[in-house]
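First the proteins, then the strands, lettered A, B, ... as listed; each starts at 1.
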Protein chains: 2
Amino acid sequence: MPQTGRSGCPINLTLEQLGDRWSLIVIRDVMFGNRRTYGDLLAQSEEGIASNILADRLKRLTASGLLTRRADPSHRQKGIYSLTEASIQLVPLLAQMGAWGRRHTRPSKELSVRAELLEKGGAPLWNAFMDELRHLHLNARQPTRSVFRELQAAYEKALARR
Amino acid sequence: MPQTGRSGCPINLTLEQLGDRWSLIVIRDVMFGNRRTYGDLLAQSEEGIASNILADRLKRLTASGLLTRRADPSHRQKGIYSLTEASIQLVPLLAQMGAWGRRHTRPSKELSVRAELLEKGGAPLWNAFMDELRHLHLNARQPTRSVFRELQAAYEKALARR
DNA sequence: AGTTTGTGCTTGCAGTATGCAAGCGGTCGC
DNA sequence: GCGACCGCTTGCATACTGCAAGCACAAACT
């Protein structure tokens with residue numbers, strides 16, 4: 001959706017940038033699923049995103065500074081997508097969205113596990129996760145703790161318990 | 001947008017319900033602007049929402065349990081819209097959205113004031129605000145503190161300083 | 001070197017959503 | 001009774017979504 005600047009309210013301006021069905025889903029998959037190529041994002045999409053929508057969103061998110069794309073040294077066609085500081089700072093928003101969704105929609109148990117941990121962990125956990133994302137995506141220093149691994153382990157444990 | 005249940009992820013399910021350009025704007029206006037009728041929402045919309053979109057969203061949000069509508073005793077045509085517990089619990093999400101928007105978009109100063117206060121106040125302030133919204137919309141007991149009034153006063157002060 | 005498979009999109013088309021502005025039927029105020 | 005108000009609804013053009021086939025290029029295989 002084009003950014004029309006219909007008002008200067010920060011909520012409105014955020015929605016003009018991210019208030020569509022798919023942008024936050026793409027960011028979620030890069031962030032939590034560590035899917036960094038077009039092919040990964042398309043093939044592993046839980047929601048079955050269409051190829052034209054994915055291509056369009058990657059282009060838009062890159063143009064608006066929420067993703068960056070660099071060439072994959074091992075394959076001339078592939079791009080590796082990375083989060084930026086701006087998209088990393090969406091962690092608290094996504095955490096709250098997951099928390100609300102756990103309570104007010106009918107999520108699956110396995111896919112809710114990350115949301116539950118993020119809600120329980122609160123801002124300290126979000127900050128630790130953001131530090132780790134800065135390492136993974138922006139070449140910052142590696143933190144000692146891997147929130148990413150904790151979230152993934154909890155997800156796999158929930159899968160195994162099924 | 002129809003709720004298609006493309007995956008059981010709580011983020012996805014939330015976006016299926018609220019991931020459009022306008023639903024959260026309508027909820028924001030009911031919540032922060034205390035606009036409770038169709039005419040108020042339409043006439044006072046900062047973003048200039050179209051009448052058919054407003055009518056559609058009010059109908060949908062009512063159908064999905066995020067708003068309720070009751071007849072206005074003083075006017076047979078008017079409906080009074082109220083938040084539900086589910087929409088009141090969107091306060092943390094909207095607060096995080098406002099916080100992100102303050103940092104990463106170009107908001108106006110005046111319209112950012114509420115977002116700034118909510119970010120500073122954190123969860124204690126959000127909880128106080130939610131209690132007050134329960135009073136205003138759900139007939140719960142009136143809290144001693146009016147976050148609503150504090151937010152409004154700060155907004156008017158910023159307007160006057162302009 | 002030629003062929004096959006993989007890659008990242010692009011395209012065609014139908015259905016749905018948005019946005020502008022006029023219009024409609026009912027209610028209220030004078 | 002008339003005019004203004006009210007809450008939508010409608011007509012129409014444009015934009016978005018979704019499905020599935022297709023395209024140009026790169027890599028792997030023979």
Between atom [atom1] in [X] and atom [atom2] in [N], what is the gap in whole Å?
{"X": "B/L54", "N": "D/dT9", "atom1": "CG", "atom2": "P", "answer": "11 Å"}
{"X": "B/R60", "N": "D/dC8", "atom1": "CZ", "atom2": "P", "answer": "15 Å"}
{"X": "B/R36", "N": "D/dG7", "atom1": "CZ", "atom2": "P", "answer": "14 Å"}
{"X": "A/I53", "N": "C/dG8", "atom1": "CD1", "atom2": "C1'", "answer": "16 Å"}
{"X": "A/R21", "N": "C/dT16", "atom1": "CZ", "atom2": "C1'", "answer": "14 Å"}

task = Heavy atoms only: give me the nearest B/S87-B/L66 pair and the separation to one decimal.
result = OG-O, 2.6 Å
message = Minimum heavy-atom separation for B/A86 and B/G65, please, with both atom names.
response = CB-O, 4.1 Å
Candidates [options] - which lies nearest the side chain of [X]:
{"X": "B/D20", "options": "D/dG7, C/dT18, D/dA20", "value": "C/dT18"}
{"X": "B/S51", "options": "D/dG18, C/dA22, C/dT10", "value": "C/dA22"}
{"X": "B/K78", "options": "C/dT7, D/dG7, D/dT17", "value": "D/dG7"}
{"X": "A/N52", "options": "D/dC6, D/dA27, D/dA20", "value": "D/dA20"}

ask   = Is A/T37 side chain donor-acceptor paired with the C/dT7 base, going by distance under 3.5 Å alone?
value = no
message = Under 3.5 Å, is there any donor-acceptor pair linking the side chain of A/Q77 to the base of C/dT7?
response = yes
query = Heavy-atom distance under 4.5 Å between the side chains of A/R134 and A/R141, does that happen here?
reply = no
task = Assert yes or no for the condition that the ring centre distance of A/F32 to A/F129 is strictly below 6.0 Å.
result = yes
query = Under 3.5 Å, is there a donor-acceptor pair between the A/R69 and A/Y81 side chains?
reply = yes
query = Pick the nucleotide of DNA chain C nearest each of B/G48 and B/S74; which residue has the one closer to the 5' end?
reply = B/G48
message = Heavy-atom nearest nucleotide on DNA chain C for B/D56 versus B/R76: which residue maps closer to 5'?
response = B/D56
Is the phosphate of [N], meaning OP1 or OP2, less than 4.0 Å from a side-chain N or O of [X]?
{"X": "B/K59", "N": "D/dT9", "result": "yes"}
{"X": "B/W22", "N": "C/dA17", "result": "no"}
{"X": "B/R57", "N": "C/dT18", "result": "yes"}

request  = Using the closest heavy atom to pick a nucleotide of DNA chain D for each, name whichever of A/H75 or B/H75 lands nearer the 5' end.
outcome  = B/H75
